[in-house]
2 protein chains.
Amino acid sequence: MENNLNHAYCPAIETIALIGGRWKVIILHVLSKHARRFGEINVRVPSISRKVLTEQLKELEADGLISRKEYKELPRKVEYALTEYGESLCPLLAYIAAWNKEKV
Amino acid sequence: MENNLNHAYCPAIETIALIGGRWKVIILHVLSKHARRFGEINVRVPSISRKVLTEQLKELEADGLISRKEYKELPRKVEYALTEYGESLCPLLAYIAAWNKEKV
DNA sequence: TCCATTTGTTACTTTAAGGTTACCACTTTT
DNA sequence: AAAAGTGGTAACCTTAAAGTAACAAATGGA
């Protein structure tokens, strides 16, 4: 129905809600290679602050895309990894990275 | 080199710079179906304001992803379409939309 | 003459996102 | 006792993004 367009469902919107923003794709891309602890992600995501990294990781965890595992070690060790749901994003993440390389 | 990680090149970053943000993927997705005039995009992208739509369209045009064609008609008619470069994003846009549907 | 339509623009305000700095908890090493 | 390493948190500030409302240009028609 053409009179209902401004309420039209756009399937891209929810995806954007989950992985949009300045950092999430980059964080997920880092984790897609293998699980990383907090400090490792921090070093691999250029110029993100610890505060923002913490926030983004919490959101990704709340959305079920990554898991957080705390080891009883010294000093502290917390490891983040993609969940199965997060893994399903890998082709998309790879595409995002690849598209940029292939461009003319 | 592992000591250079915070300057590491991340191929996803540039892609995010081009299509990141709240609206660009959605706008591109709308235009991926076919060329649209300003008002048509405005109606198909839920709740975007004209001001922001104008801004985003200008940025997308400046980045070479879309073209802007003004017709000498009454009342004004301006049509936006994907460029060839923008078309190269279509598989990615389709993937973004499809992923959301397939999720468990 | 004045209104309607379409595509904007301008000025101003509000909200969201991100950054900075300092600090804490826990444990081992010095 | 104090420092070092890891993974945070809290308070505060700045910047970027988005929204609102009013206005403009161009032109046909009532």
Side-chain angles (χ1 to χ4, degrees), chain A residues 2-3 5-7 10 12-14 16-28 30-31 34-63 66-81, chain B residues 2-3 5-7 10 12-14 16-28 30-31 35-63 65-81:
Chain A
E2 288 286 305
N3 64 334
L5 280 172
N6 46 354
H7 308 106
C10 177
I13 292 181
E14 276 187 50
I16 300 304
L18 287 183
I19 64 169
R22 187 121 89 220
W23 301 115
K24 284 182 180 172
V25 166
I26 301 167
I27 293 169
L28 292 167
V30 165
L31 292 179
H34 60 76
R36 293 285 184 194
R37 39 203 302 199
F38 185 87
E40 291 174 329
I41 304 171
N42 205 182
V43 156
R44 281 169 178 75
V45 179
S47 76
I48 195 173
S49 67
R50 266 179 311 168
K51 190 200 94 170
V52 172
L53 180 53
T54 303
E55 288 169 356
Q56 301 294 301
L57 289 171
K58 276 185 183 168
E59 289 180 17
L60 290 169
E61 194 194 356
D63 289 333
I66 65 172
S67 62
R68 178 186 187 278
K69 183 171 180 185
E70 190 159 0
Y71 292 84
K72 293 289 174 195
E73 286 184 18
L74 50 116
R76 291 181 71 186
K77 177 177 175 183
V78 180
E79 203 166 65
Y80 294 90
Chain B
E2 289 286 304
N3 64 334
L5 280 173
N6 45 355
H7 308 108
C10 178
I13 291 182
E14 275 186 53
I16 301 302
L18 287 183
I19 65 169
R22 188 122 89 218
W23 302 115
K24 284 183 181 173
V25 166
I26 302 168
I27 294 170
L28 291 168
V30 166
L31 293 179
R36 293 283 184 194
R37 39 200 302 198
F38 184 86
E40 291 174 328
I41 304 171
N42 204 183
V43 157
R44 281 167 177 78
V45 178
S47 76
I48 195 173
S49 68
R50 267 178 311 171
K51 190 200 92 171
V52 173
L53 180 53
T54 303
E55 287 170 356
Q56 301 294 301
L57 289 171
K58 276 185 183 170
E59 288 180 18
L60 289 169
E61 194 194 356
D63 289 333
L65 292 170
I66 66 171
S67 62
R68 178 186 187 278
K69 183 172 180 186
E70 191 160 359
Y71 293 84
K72 294 288 175 198
E73 287 185 16
L74 50 115
R76 288 181 73 184
K77 176 175 173 183
V78 180
E79 203 166 63
Y80 295 90

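Per chain, numbering begins at 1; letters A, B, ... match sequence-line order.
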K.L.:
Identify whether any heavy atom of B:Y71 sits under 4.0 Å from a base atom; if not, whether one sits that close to sugar-phosphate; answer base, sugar-phosphate or nothing.
P.N.:
nothing
K.L.:
Please test B:L57 against B:I41 for side-chain contact (heavy atoms from CB on, under 4.5 Å), starting from the C-alpha separation and ending with a verdict.
P.N.:
CA-CA 10 Å; B:L57 289 171; B:I41 304 171; 4.2 Å; yes
K.L.:
With salt bridge (charged side-chain N to carboxylate O under 4.0 Å, His left out) as the test, pick out the partner of B:E70 among B:R37, B:K77, B:R76.
P.N.:
B:R76
K.L.:
Are B:W23 and B:L53 packed together at the side-chain level, in the sense that at least one heavy-atom pair is separated by less than 4.5 angstrom?
P.N.:
no
K.L.:
Return the minimal non-hydrogen interatomic distance between A:V25 and A:I19, and the atom names on each side.
P.N.:
CG2-O, 3.4 Å
K.L.:
Rounded to the nearest 0.5 Å, what separates atom CD in A:E55 from atom OG in A:S49?
P.N.:
7.5 Å
K.L.:
Base, sugar-phosphate alone, or nothing: which one does A:K58 contact when heavy atoms must sit under 4.0 Å apart?
P.N.:
sugar-phosphate
K.L.:
Let me know the distance between CZ of B:R22 and P of D:dG19, rounded to the nearest Å.
P.N.:
6 Å
K.L.:
Taking for each residue the nucleotide of DNA chain C bearing the nearest heavy atom, is the 5' side occupied by B:T54 or by A:I48?
P.N.:
B:T54
K.L.:
Specify the separation, in whole Å, of atom CG of A:L53 and atom P of D:dG7.
P.N.:
10 Å
K.L.:
For the atom pair CD1 (B:I66) and CZ (B:R36), what is the distance rounded to the nearest 0.5 Å?
P.N.:
14.0 Å
K.L.:
Between B:L31 and B:L65, is any pair of side-chain heavy atoms under 4.5 Å apart?
P.N.:
no
K.L.:
Is any side-chain heavy atom of A:R68 closer than 4.5 Å to one of A:V78?
P.N.:
yes
K.L.:
Indicate, with a heavy-atom threshold strictly under 4.0 Å, whether B:E79 touches base, sugar-phosphate, or nothing.
P.N.:
nothing
K.L.:
With 3.5 Å as the limit, what N/O pairs link the protein to nucleotides 3-6 of chain D?
P.N.:
from	atom 1	to	atom 2	distance (Å)
D:dT6	O3'	A:R37	NH2	3.1
D:dT6	O3'	A:R76	O	2.8

K.L.:
Take the protein atom CG of A:N42 and the nucleotide atom C1' of D:dG7, then report the distance between them rounded to whole Å.
P.N.:
10 Å
K.L.:
Just to confirm, is there a sub-4.0 Å distance from OP1 or OP2 of D:dA17 to any side-chain nitrogen or oxygen of B:Q56?
P.N.:
no
K.L.:
Along DNA chain C, 5' to 3', what are the outermost nucleotides having an atom less than 4.0 Å from a heavy atom of chain B?
P.N.:
C:dT5 to C:dA11
K.L.:
Angle, rounded to 10°, between the helical axes spanning five pairs at each terminus of the helix from C:dT1-D:dA30 to C:dT30-D:dA1?
P.N.:
30°
K.L.:
Check whether any side-chain heavy atom of B:Y80 lies under 4.5 Å from a side-chain heavy atom of B:L60, and answer yes or no.
P.N.:
no
K.L.:
Measure across A:E40 and A:A35 and return the closest heavy-atom pair with its distance rounded to 0.1 Å.
P.N.:
OE1-O, 4.4 Å
K.L.:
Reading DNA chain D from 5' onward, which residue's closest nucleotide shows up sooner: A:Y80 or A:K51?
P.N.:
A:Y80
K.L.:
Look up atom CD1 in A:I27 and atom CD in A:E59, then write down how far apart they are to the nearest 0.5 Å.
P.N.:
9.5 Å
